[in-house]
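It should be emphasised that the depicted structure is a prediction, and the values quoted were computed from it without experimental measurement.
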Amino acid sequence: MDKLRVAMIGAGGRGMSHIRAIAGAPNIEFVAICDMVEAAAQPVVDEFGVPWVGSIEQLLADYEIDGCGVCVPTPSHYDTAMQVIEGGKHLVTEKPMAKSVKQAAEMVEAVESRGLVAAISYQLRFGPVYRKVKELCERIDPLQIIFARQRGMMGPKYLSHEPFDGIMDFISHDIDMIPFLAGREPKKVFATMGRDVWADVNAIEYIGAQIVLGEGPHRTVGVISSSQGGGGVPQRLDVVGRNGLAVANGNEVRYAIGPNPMPGQGRDTWNDAWMGEARDFTMDLYRHWAAACLDDSVALAPAATYRDGYNALLISLAMVQSGETGEVVDIAEYAASAE
């Protein structure tokens, strides 16, 4: 089999990015669009010539598929994904993977027990800038990873009290990226945050967080600073390591490899620079996921596994709890209590 037969579940909003990725990936055959609302699916039917299917039950019963993309509202991720998993199909699920740690843990256990290839849609892992920074992190042994990404007010769809909405939706990729770049497990989280600063809707509108990863002398501190009041403020990613520095600003990565100079010693701060590109990398994710489904020897990495998605959800919900209580949250203790 040289192509993976894939259906898409969810036709609206972000779902179109998944649909275009599935339809455009050279090793995927786009089989069907599944959505409860026929009118929502009709543009997909018209553009791509695939049939509309009104339910997951019908999709699994009547269509010969190998896998699914899942892009439905976050509260429905668990139920939708579990139907696909119980049907024995590989899948890509939009982030965050679930509403709760308990749901995410069940999803991880379900895919691992069935030997399915399951990824979370953290497509920025395939972006050249982040791939370059990941490569550099493996050389410089990161001590600090700092994401400072601001934006203006988000649309009404995201302005809810839910812990995955507001600015938390915007920084979801940053939350995944910090352990990905560090290559270390999250241990503790401390955060401050604010609701109802600009819009009286109880949404999280700004947050600052420290995430401790790993243990001993090579642990890493990840820092996230973001708000919905910073539209126009430059966004950047800084990495400070034992053996160098890296800065990503837009599509440019500047870096220096080598020990931190002592007083009186000189070093060119930036040994080199590298330019990437800006586009939607969802097709890169789907192409790689399909390759891993078709060939057991192809690792799912660098794509985010369900276990990576579980860790990202843990960090995200721990950030919100810390922001609400003002206390440091131990990740292992939080996971045990949440499950």
Side-chain angles (χ1 to χ4, degrees), residues 122-151 167 170-192 206-227 230-279 281 284 301-304 308 311-312 315-316 319 328 331:
Y122 289 115
Q123 71 276 5
L124 291 188
R125 288 178 174 224
F126 290 88
V129 166
Y130 293 107
R131 291 206 311 268
K132 183 64 177 181
V133 175
K134 173 65 173 174
E135 172 198 319
L136 292 169
C137 282
E138 292 172 354
R139 299 172 63 188
I140 68 179
D141 189 8
L143 301 174
Q144 291 183 310
I145 300 174
I146 304 168
F147 276 92
R149 298 207 309 135
Q150 311 299 324
R151 61 158 297 141
I167 201 64
F170 178 67
I171 63 172
S172 57
H173 287 284
D174 306 354
I175 292 169
D176 168 69
M177 195 59 64
I178 282 177
F180 172 67
L181 295 177
R184 290 157 188 167
E185 290 291 313
K187 299 296 182 179
K188 297 180 185 294
V189 171
F190 177 73
T192 57
Y206 75 84
I207 195 162
Q210 289 190 352
I211 305 161
V212 178
L213 305 104
E215 297 176 313
H218 293 283
R219 69 178 180 177
T220 304
V221 175
V223 178
I224 292 176
S225 176
S226 190
S227 81
V233 175
Q235 304 182 19
R236 56 188 295 157
L237 160 61
D238 302 329
V239 181
V240 178
R242 289 180 180 274
N243 194 45
L245 308 166
V247 172
N249 191 351
N251 292 322
E252 182 183 32
V253 180
R254 293 181 294 152
Y255 57 95
I257 304 298
N260 191 25
M262 294 295 102
Q265 297 178 339
R267 182 188 71 181
D268 183 3
T269 304
W270 307 113
N271 297 146
D272 210 342
W274 183 91
M275 288 296 294
E277 60 178 318
R279 60 179 176 84
F281 300 104
D284 303 69
D308 293 326
N311 279 339
I315 294 171
S316 179
M319 285 169 60
V328 174
I331 291 289

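- With respect to R151, the side-chain contact (heavy atoms from CB on, under 4.5 Å) criterion is satisfied by exactly one of V233, I171, I167: I167.
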Exercise for the section: Carefully, step by step, assess L245 and V239 under the rule side-chain contact (heavy atoms from CB on, under 4.5 Å). Expected result: CA-CA 6 Å; L245 308 166; V239 181; over 6 Å; no
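- Residues L213 and G222 approach most closely at CD1-N, 3.9 Å, considering heavy atoms.
- Residue L124 holds its CG atom at 8.5 Å from CG of D174, rounded to the nearest 0.5 Å.
- The CD atom of Q235 lies 11.0 Å from the CZ atom of F147; values are rounded to the nearest 0.5 Å.
- The nearest pair of heavy atoms linking V129 to G250 is CG2-O, 4.0 Å.
- Rounding to the nearest 0.5 Å places CD1 of I178 at 13.0 Å from CZ of R184.
- For the residue pair E185/N311, the side-chain donor-acceptor check at 3.5 Å is satisfied.
- No side-chain heavy atom of I146 sits under 4.5 Å from any side-chain heavy atom of L237.
- Checked options F180, Y130, Y122, F281; the residue passing with H173 is Y122 (criterion: ring-ring contact (aromatic ring centres under 6.0 Å, His included)).
- Atom-to-atom distance recorded for S316:OG and I224:CD1 is 9.0 Å, nearest 0.5 angstrom.
- Summarising the geometry of K188 relative to I331, their closest heavy-atom pair is N-CG1, 3.9 Å, with the distance given to 0.1 Å.
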Exercise for the section: Could you check Q123 against D284 for side-chain contact (heavy atoms from CB on, under 4.5 Å), going step by step and ending with a plain yes or no? Expected result: CA-CA 8 Å; Q123 71 276 5; D284 303 69; over 6 Å; no
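- Side-chain contact between N243 and I257 is present, with heavy atoms from C-beta onward closer than 4.5 Å.
- Looking at P217 and R242, their side chains come closer than 4.5 Å, going by heavy atoms from C-beta outward.
- Put simply, the side chain of Q144 never gets that close to the backbone of V221: no donor and acceptor are under 3.5 Å apart.
- Because its NZ or CZ atom is both nearer than 6.0 Å to the ring centre of F170 and within 45° of the ring axis, R149 counts as a cation-pi partner of that residue.
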Exercise for the section: Check the pair R125, D308 against side-chain contact (heavy atoms from CB on, under 4.5 Å), reporting the backbone distance first and the verdict last. Expected result: CA-CA 12 Å; R125 288 178 174 224; D308 293 326; 3.7 Å; yes
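- When every heavy atom of A256 is checked against every heavy atom of I140, the shortest pair comes out as O-CG2, 4.4 Å.
- Taking CG from N249 and CZ from R254, the interatomic distance works out to 7.0 Å, rounded to the nearest 0.5 Å.
- Here the closest heavy-atom approach between residue L181 and residue C137 is recorded as O-CB, 3.4 Å.
- Checking side-chain atoms of R131 against main-chain N and O of F126 turns up a donor-acceptor pair under 3.5 Å.
- Within a 6.0 Å sphere centred on CZ of R139, other residues, nucleotides and ligands contribute 12 heavy atoms or fewer.
- Looking at every heavy atom in both residues, I175 comes nearest to P179 through O-CD, 3.1 Å.
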Handout entry: Candidate pair Y255 and V133, rule side-chain contact (heavy atoms from CB on, under 4.5 Å), full reasoning
Key = CA-CA 9 Å; Y255 57 95; V133 175; over 6 Å; no
